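So you know, we letter chains A, B, ... as the sequences are listed, proteins then strands, and number each from 1. This structure is a prediction, so every number in the text was calculated from the model and none was measured. These values consider heavy atoms only, across backbone and side chains, with no hydrogens, waters or symmetry-generated copies.
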2 protein chains.
Amino acid sequence: MNFSIAEENYIKAIWHLQQADNNVTTNELAAELQTKPASVTDMLKRLKEKKLLNYQPYYGVKLNADGKKVALSIIRKHRLWEFFLVEKLKFNWDEVHAIAEELEHVSSNELIKRLDDFLGNPRFDPHGDPIPDGSGKMETLNQISLHELKENISATVTGVGDQTSSLLELLNKKNISIGTKLEIKQRNSFDASVEIKLRNQPLITLSEQLAKKIFVKTV
Amino acid sequence: MNFSIAEENYIKAIWHLQQADNNVTTNELAAELQTKPASVTDMLKRLKEKKLLNYQPYYGVKLNADGKKVALSIIRKHRLWEFFLVEKLKFNWDEVHAIAEELEHVSSNELIKRLDDFLGNPRFDPHGDPIPDGSGKMETLNQISLHELKENISATVTGVGDQTSSLLELLNKKNISIGTKLEIKQRNSFDASVEIKLRNQPLITLSEQLAKKIFVKTV
DNA sequence: AATAAAATTTAGGCAAATCTAAAAATAAAT
DNA sequence: ATTTATTTTTAGATTTGCCTAAATTTTATT
């Protein structure tokens, strides 16, 4: 089966929202896709026709097995292209999302197979998100948010909460990227901000909002 | 200015037909794009609105300076991606055209700039066609068709007439690719076929149709 | 339980890009 | 120079994907 770019974007958006929420609403989707609820309803009817999802009018939507498979193949493409852009073309991690949004719709499966091999079958994209394999399987690394990390426990940054440029630029400024080792030294109860230490560096402060968007794994 | 995929495909097709013909007709375009003449007329009106071409109803169409610039930027993308696919992902030259047709519509200019550098600023694509630079300039190598080559003059293959897989597969079978050195040994006046010799190989026969699609440069 | 608020769907339209069938213009042939 | 054939355009529909405004359904509140 072959899908339009618009259809692929809906499938991908539903998949992402479904991770957090399980049941996805029309308004959530409209916000995510920068479109109107009425347009979403239209598309959901079409995707239901194509048997990619369970859609109950007024009660939201959920991808079925076929829909998830399509979603994961798009996500695989997206993340492989992001890896290519950073690793080979030397883009910064905060510049690649929009370009990968276009590249992910190029249809050739042979292309993706060869790109994967060319890149050395990477398992994580530049933001730390796992890259699904050809059959849709994907590692789940049990990371926690920095906000939940206990004090004085050494951890490594493994991912970020989203790819908005404002978040990624702030992380660049604070010298935090995937693989960075850090430790929480103090918490400020007033605003839930945390004081963290990077190797041999003075303490820096991260706001609660920021700490919640940084995912880490303890060593 | 930004263009839809359909618009880009029309612009590119007009450019190619214009190379052979200068003035491009509605029917030619319809055949090239596998669509109907009525659809072509519609699109030509739209592209005229956007001031990319000179369109005289009933008398055909020609890209203007702006239209040519757009065409060359698409062709640049197409040929750079073809080079990437063959050089880095190890596709055969007869497998890359369709994939590059999709990749060429990815819009980021920064992407193309970096891809160009990553590839080492190649000047020719895998079929021997010159790659326009960022400003639209392109080498014209004064090649002739093999059909016009004189007997017993050594020449190098520099290009092919089109990218149809039937042509490229036949060339593969006969071991002819860009860079191949050859020489015409005999001509058969009956069917205008030619007997050619590749280095240290027995004579092989090429039909008139085939010889006309192979371009060479004498050394 | 009735009413107000919020979320969602329906109805009706629009633009892009395509199509078929019919009309008009140009080119070719007698 | 007419007639015929070919090419091209116009007219009217269709599909996709989106919109606004109005109607409907669900959820929240009194």
Whole Å only: how far is the [atom1] atom of [X] from the [atom2] atom of [N]?
X	N	atom1	atom2	value
B/Leu44	D/dT10	CG	P	11 Å
A/Lys48	C/dT9	NZ	C1'	13 Å
A/Leu33	D/dC19	CG	P	10 Å
B/Asp42	C/dA16	CG	P	11 Å
A/Asn2	D/dT16	CG	P	14 Å
B/Glu7	C/dT18	CD	C1'	14 Å
B/Lys36	C/dA21	NZ	C1'	12 Å
B/Glu8	C/dA17	CD	C1'	15 Å

Just to confirm, is there a sub-4.0 Å distance from OP1 or OP2 of [N] to any side-chain nitrogen or oxygen of [X]?
X	N	value
B/Ser4	C/dA17	yes
A/Thr35	D/dC19	yes
A/Ser39	D/dC18	no
B/Arg46	C/dA17	yes
B/Tyr10	C/dA16	no
A/Thr41	C/dT10	no
A/Asn27	C/dT8	yes
B/Tyr58	D/dT9	no
A/Lys45	C/dT10	yes

Report task. Report which part of the nucleic acid A/Ala38 touches: base, sugar-phosphate, or nothing (heavy-atom distance under 4.0 Å, all strands). Result -> base
Query raised in the report: Just checking B/Pro37: base, sugar-phosphate only, or nothing, at a heavy-atom cut-off of under 4.0 Å?
Result: base
Report task. State plainly whether the residues B/Glu148 and B/Lys212 are in salt-bridge range, i.e. N to O under 4.0 Å. Result -> no
Query - Salt-bridge contact B/Glu104-B/Arg76 (side-chain N to carboxylate O under 4.0 Å) - result: no
Report task. Could you check if a side-chain atom of A/Ser193 sits within less than 4.5 angstrom of a side-chain atom of A/Glu208, using non-hydrogen atoms only? Result -> no
Query raised in the report: For atom CD of B/Glu139, is the number of surrounding heavy atoms from other residues, nucleotides or ligands below 6.0 Å larger than 12?
Result: yes
Report task. Classify the side-chain pair A/Asn54/A/Asn64 by whether it contains a donor and acceptor separated by less than 3.5 Å. Result -> no
Query - Position toward the 5' end of DNA chain D (nearest nucleotide), B/Tyr55 or A/Gln34 - result: B/Tyr55
Query raised in the report: Counting side-chain heavy atoms from C-beta on, which of C/dA27, D/dT8, C/dT8 comes nearest to B/Tyr59?
Result: C/dA27
Report task. Using the ring of B/Phe84 (Phe, Tyr or Trp, six-membered ring only), decide whether A/Lys88 places NZ or CZ under 6.0 Å from its centre and within 45 degrees of its axis. Result -> no
